[in-house]
Amino acid sequence: MTRIVVLATGGTIASRFSQHHGAVIAGVSAEELVRGIEGFAPSVEIVAEQFCNVGSFLFTLDLAFGIVLRVDELLKNADVAGVVVTCGTDTMEEIAYLADLVVASEKPVVFTGAQRHAGYPDSDGPRNLNAAILVAASEAAKGLGALIVFEDEIHAARDATKVHASRVGTFASGEHGKLGEVDGSEVIVSRRTVRRRAIPTDAIEARIDLVKLCMGADGRFIDYVAETGSKGIVIEAFGRGNATLAVTEAVRRAADRGLVVAVSSRSPQGRIAPTYTGGGGGHDLMNAGALFVGDLSGVKTRILLAVLLGAGQSKAQIKETVARHAD
C-alpha cells in the first residue's frame, strides 16, 4: 500500500468560526482533516502529522523553511511515497516554491488547502485534500517538483499564484497553464516541468525585502531597507523591467553597499529584459547592478534570493543561479 504523509500547518482548511473570537481561526487537527476523507483513496495509507496550526498569513520565512525541511526529512523515508502539506492559501505559492527549490527528492510534494473553512457544509477542503493525496500517490507526479493541487487542477509551484481572494478556484498559472488535473480517481499530467537541480542549504536569509513601484516612485524605501539590515531587495518594476530615475539611483547605492538587487515585473505575465534606457529603463537598472529574473514573480524572486543567500552563494554564483531559475 502507498503511504502518504499529510503534514498539517493550519490555514482555512483547518479553520472554523469561533464564537469566542467572533471570527474564523485555525484549530482543526491533522487527524481530523484525514478522518474527513477516509475511504476516498482506499489504496493509500494516510499518515497525519501536525507541524503547526496557524493561518499562512502568519508564516515567516524561518517557519516556512522549517516546514520544508520537515518535508525533505519525511521523503527520505523509503516507505513514504509522497507528502501533502495543508496550509493557508495566502502564502501557499511562496512556501510551495521554497519547497521546489530546496527539496531534492523526486517524490511528489503537494500543497493544498481551502477557501471555505471547515465549518461550511460545502467546504472545499476535503475534496482538495483528497485530490492532493491522489496526486502525491501517483507515479505520474514524480519528478515534477513541488505542486499546488486545487479545484482538481495540478499546478507547478514555480508558476502558480493566487488570483482570487475568496473563490474556490483561486490558483492559476498564467500563460504557462496548469500541469494537469484530477478526474475522479485518475491523475492526468498533460505537461511536465523542467526540473532544475535543488539548491542545498541548511539555512535561509530572511532579511529580503520587496518593493513594488508605482508612478513617480522615489528611492526612499530602497534606501531605508538598505540602511536597516536588508541583505537583498526585490524590485517589482514597471512592465518590461523599468523604473524611475530616483529608483535607479537608489538601486545603485544599494548594490554599492553589497546588497543583491533583483528586478521582476509588477505585470502578472511576461518576461522582463534590460531593453529601455533614458535614466530609469531596464538597461539603466542593469548598469546600476540589478539582476533580471525573467518571468519569475516578485514574491517568488524573494524566496529564491532567501535560499541563495542562505546557502552562502557569492554575488557571481547568485547571478548564475538566478539566470538558470528565471528561464
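These numbers come from the heavy atoms of this one structure, side chains and all, not from hydrogens, waters or symmetry mates.
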Could you check if a side-chain atom of [X] sits within less than 4.5 angstrom of a side-chain atom of [Y], using non-hydrogen atoms only?
X: R192; Y: L144; answer: yes
X: V24; Y: T12; answer: no
X: Q313; Y: I199; answer: yes
X: I13; Y: L33; answer: yes
X: I222; Y: V247; answer: yes
X: M286; Y: F292; answer: yes

Looking only at atom types and distance, does a side-chain atom of [X] sit under 3.5 Å from a main-chain N or O of [Y], one as donor and one as acceptor?
X: K107; Y: V80; result: yes
X: T91; Y: E94; result: no
X: S15; Y: G11; result: yes

Common cluster, [X]/[Y], ILVMFWY with side-chain heavy-atom separation under 4.5 Å:
X: I46; Y: V71; value: no
X: I204; Y: I233; value: yes
X: I318; Y: L98; value: yes
X: V102; Y: V322; value: yes
X: L58; Y: V299; value: yes

Atom [atom1] of [X] and atom [atom2] of [Y]: how far apart are they, to the nearest 0.5 Å?
X: D159; Y: Y97; atom1: CG; atom2: OH; answer: 9.5 Å
X: I154; Y: I188; atom1: CD1; atom2: CD1; answer: 8.5 Å
X: N130; Y: I37; atom1: CG; atom2: CD1; answer: 5.5 Å
X: L291; Y: S264; atom1: CG; atom2: OG; answer: 12.0 Å
X: L305; Y: D209; atom1: CG; atom2: CG; answer: 11.0 Å
X: S265; Y: K212; atom1: OG; atom2: NZ; answer: 9.5 Å

* Identify the residue among V68, I67, T112 that makes a side-chain contact (heavy atoms from CB on, under 4.5 Å) with V85. =>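 By the side-chain contact (heavy atoms from CB on, under 4.5 Å) criterion, V85 pairs with just one of V68, I67, T112: I67.
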
For a quick check under 3.5 Å, do [X] and [Y] share a side-chain donor-acceptor pair by atom type?
X: S56; Y: D90; value: no
X: D284; Y: T277; value: yes
X: Q50; Y: S29; value: no
X: T170; Y: H164; value: no
X: K162; Y: T89; value: yes

* To do: I would like to know whether R16 and E32 meet salt bridge (charged side-chain N to carboxylate O under 4.0 Å, His left out); could you show each step before the answer?
  => CA-CA 13 Å; R16 288 194 178 97; E32 188 175 350; 2.5 Å; yes

[X] atom [atom1]: more than 12 heavy-atom contacts under 6.0 Å:
X: F51; atom1: CZ; answer: yes
X: R197; atom1: CZ; answer: no
X: D202; atom1: CG; answer: no
X: Q19; atom1: CD; answer: no
X: Y120; atom1: OH; answer: no
X: R191; atom1: CZ; answer: yes

* Looking at residues at least two apart in the chain, or sitting in another chain, which of them share a side chain to side chain contact (heavy atoms under 4.5 Å, CB included) with R271? ->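 Side chain to side chain contact (heavy atoms under 4.5 Å, CB included) check on R271 returns R240, D295, D327.
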
* Please report the C-alpha distance between C87 and I95 in whole Å, then the side-chain angles of each, then the deciding distance to 0.1 Å, and finally whether the side chain to side chain contact (heavy atoms under 4.5 Å, CB included) criterion is met. => CA-CA 9 Å; C87 70; I95 187 175; 4.2 Å; yes

* With side chain to side chain contact (heavy atoms under 4.5 Å, CB included) as the test, would you mind laying out the steps for V135 and L147 before giving the verdict? => CA-CA 9 Å; V135 173; L147 304 170; 3.9 Å; yes

Taking 4.0 angstrom as the limit, do [X] and [Y] come out as a salt bridge?
X: R3; Y: E45; result: yes
X: E139; Y: K142; result: yes
X: K76; Y: D72; result: yes
X: R302; Y: E205; result: no
X: R207; Y: D62; result: no

* Report the C-alpha distance between T86 and L129 in whole Å, list the side-chain angles of each, state the deciding distance to 0.1 Å, and finish with yes or no for side chain to side chain contact (heavy atoms under 4.5 Å, CB included). => CA-CA 8 Å; T86 59; L129 180 55; 3.8 Å; yes

* Please assess E93 against K300 for the test side chain to side chain contact (heavy atoms under 4.5 Å, CB included), listing each intermediate value before the final yes or no. => CA-CA 8 Å; E93 63 197 83; K300 291 179 183 177; 3.8 Å; yes

